[in-house]
Amino acid sequence: MALAGVRVIELAGLAPAPFCGMILADFGARVIRVDRTKVAMTVDTQARGKQSVALNLKNPKGVAVLKRLCVHSDVVLEPYRKGVMEKMGLGPEDLLKENPRLIYARLTGYGQSGSYAKAAGHDINYLAVSGLLSMLGRSSEKPYAPLNLVADFAGGGLMCAFGIVLALLERSRSGQGQIIDASMVEGAAYVGSFMWKSRSLGLWNRPRGENMLDSGAPFYDTYRTSDGKYMAVGAIEPQFYQQLIKGLGLDDADLPAQMSVSDWPQLRQTFTRVFTSKTQAEWSRVFDGTDACVTPVLSLDEVLSHPHNQARGSFFKDSQGEISPRPAPVLSRSPAEPCHSRDPFIGEHTRSVLKEYGFEQAQIEQLLSAGIVECNEAKARL
Ligand SMILES: C[C@H](CCC[C@@H](C)[C@H]1CC[C@H]2[C@@H]3[C@H](O)C[C@@H]4C[C@H](O)CC[C@]4(C)[C@H]3C[C@H](O)[C@]12C)C(=O)SCCNC(=O)CCNC(=O)[C@H](O)C(C)(C)COP(=O)(O)OP(=O)(O)OC[C@H]1O[C@@H](n2cnc3c(N)ncnc32)[C@H](O)[C@@H]1OP(=O)(O)O
């Protein structure tokens with residue numbers, strides 16, 4: 001796999017950093033998640049392929065253990081508020097001094113500087129400050145955050161993983177590590193570069209929800225079918241739009257022009273009425289195999305059995321029967337091989353990891369009995 005041999009220490013976080021760690025693990029990195037002690041259950045649902053060490057970082061001996069793990073690793077990924085790592089004596093200066101090749105990735109909402117740097121926040125706040133939230137939502141409605149996808153995952157976890165891979169590539173030339181300041185505000189904004197750079201095309205001149213790509217246009221929207229499901233329509237180009245009209249059984253001569261914005265409400269009404277005349281499966285049979293750009297809106301439970309996804313193996317079931325997306329993109333020679341086993345319990349790998357990182361058996365026992373580390377191997381065997 002592309003990242004085989006790369007060792008990552010991931011400090012346990014909420015959602016974006018775990019996703020970043022999972023991407024790295026999917027593509028072959030060895031990812032060790034550092035959990036807190038005295039915690040019964042992890043909230044990390046993005047733990048595929050990781051190992052877990054439970055370590056008390058409030059104790060200087062715990063800090064020393066983490067330093068030692070970082071000396072023998074390639075990447076440390078930290079998801080805390082600005083200043084938390086420095087307060088624990090684990091700031092970039094401390095760790096890079098001991099391992100100048102270390103890539104020190106800091107994944108935060110607002111970045112390491114600026115007036116919001118120390119503030120708490122979540123996806124919706126970062127999306128708001130990126131400018132993008134102002135553009136998301138239906139006409140005459142308030143801005144609407146599309147799950148926590150844009151800032152936490154696209155602009156956060158994924159962008160940070162990209163930064164780590166870039167830093168690893170650069171290190172192969174320079175031999176040096178570096179610090180990555182991954183701000184979810186900036187990551188989200190960057191993912192949204194199209195919004196800024198396509199304004200000159202007039203794509204976003206109208207109020208929120210009234211533009212071509214934000215559900216303003218009837219040919220770029222979803223429609224309810226007779227069985228209460230939905231179809232997605234993305235027939236932008238005239239030649240594809242013509243196929244939409246044909247599939248719907250409409251006559252172009254009876255309809256207003258596609259790009260006549262003032263007629264969009266009327267056109268939407270027509271499409272809405274027609275779509276309710278058939279089930280989703282019936283509409284799929286009409287449009288599959290055409291270029292009308294019309295597809296069923298599948299639920300998370302339906303994706304696995306859709307013929308297209310099935311043919312590509314786009315989703316898979318792990319050993320627990322849980323369905324999830326196959327890592328993307330697909331590399332021809334060194335594709336990702338996602339782990340199919342269950343996620344680790346907190347502290348499941350404490351002993352084995354410490355041993356591998358050069359701790360003597362007696363040292364490990366001392367750390368365990370002092371409560372600086374915890375091991376939950378027994379639970380893992382149940
Ligand atoms: C919208 C998303 C978030 C979605 C997450 C939800 C899915 C989950 C959120 C809450 C979960 C529920 C909850 O936990 C209760 C139940 C628990 C149960 O087990 C399961 C069910 C639950 C209902 C559970 C269900 C779900 O999991 C939840 C609903 C996001 O937007 S995520 C993005 C968040 N933002 C960032 O990541 C940006 C960077 N980080 C920050 O800004 C801050 O970390 C943040 C997120 C604001 C949190 O601030 P906080 O004050 O809590 O922490 P920090 O200031 O960062 O400091 C960390 C402190 O922890 C100490 N520490 C760290 N590691 C260790 C260690 N190994 N040992 C000891 N101590 C450690 C560190 O020293 C800091 O201590 P101090 O405060 O003393 O400095």
Side-chain angles (χ1 to χ4, degrees), residues 9-22 32-47 50-70 76-91 94-95 105-130 132-133 144-161 180-188 343 345-347 349-350 353-354 367 370-376:
I9 303 295
E10 173 196 320
L11 295 160
L14 275 184
F19 179 54
C20 178
M22 188 179 81
I32 296 165
R33 189 185 67 209
V34 175
D35 288 302
R36 295 166 194 238
T37 52
K38 300 189 175 64
V39 176
M41 215 182 83
T42 175
V43 291
D44 180 5
T45 57
Q46 316 283 292
K50 299 178 191 172
Q51 294 189 315
S52 164
V53 167
L55 184 56
N56 180 4
L57 293 175
K58 290 289 190 213
N59 185 303
K61 288 186 180 152
V63 169
V65 171
L66 188 78
K67 277 190 175 165
R68 191 148 158 195
L69 296 183
C70 289
V76 62
L77 168 60
E78 70 96 355
Y80 303 128
R81 207 190 291 248
K82 174 183 158 59
V84 166
M85 288 294 273
E86 282 80 353
K87 210 164 66 183
M88 295 192 286
L90 291 166
D94 302 302
L95 297 188
R106 323 197 76 171
L107 178 49
T108 60
Y110 299 111
Q112 299 296 319
S113 54
S115 58
Y116 280 178
K118 286 195 169 175
H122 291 103
D123 172 275
I124 194 166
N125 309 112
Y126 313 140
L127 192 60
V129 177
S130 78
L132 292 178
L133 185 53
Y144 187 82
L147 312 176
N148 58 330
L149 287 174
V150 181
D152 275 358
F153 298 111
L158 180 59
M159 207 52 97
C160 188
I180 298 172
D181 178 2
S183 136
M184 290 186 244
V185 171
E186 291 168 1
D343 292 349
F345 295 123
I346 289 189
H349 305 97
T350 304
V353 167
L354 293 189
L367 290 166
I372 289 153
V373 302
E374 269 175 18
C375 191
N376 296 310

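Both ligands and their constituent atoms are indexed starting at 1 by order of listing. What you are looking at is a predicted structure, and each value in this text was computed from that prediction instead of being measured.
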Partners meeting side chain to side chain donor-acceptor pair (under 3.5 Å) with S52 (sequence neighbours left out): D35

Qualifying residues under side chain to side chain donor-acceptor pair (under 3.5 Å), relative to E374, sequence neighbours excluded: none

Derivation of the side-chain contact (heavy atoms from CB on, under 4.5 Å) call for I32 and H349: CA-CA 9 Å; I32 296 165; H349 305 97; over 6 Å; no

Ligand 1: protein residues within heavy-atom distance under 4.0 Å: L14, P16, D35, R36, M41, V43, L55, N56, L57, K58, P79, Y80, R81, V84, K87, M88, L107, T108, G109, A120, G121, H122, D123, Y126, N148, D152, M184

Exercise: identify the closest heavy-atom pair between I346 and M41: CD1-C, 3.8 Å

Residues which pass side chain to side chain donor-acceptor pair (under 3.5 Å) with D152, listed by chain and number, not counting sequence neighbours: N148

Stepwise salt bridge (charged side-chain N to carboxylate O under 4.0 Å, His left out) check, R33 with E78: CA-CA 10 Å; R33 189 185 67 209; E78 70 96 355; over 6 Å; no

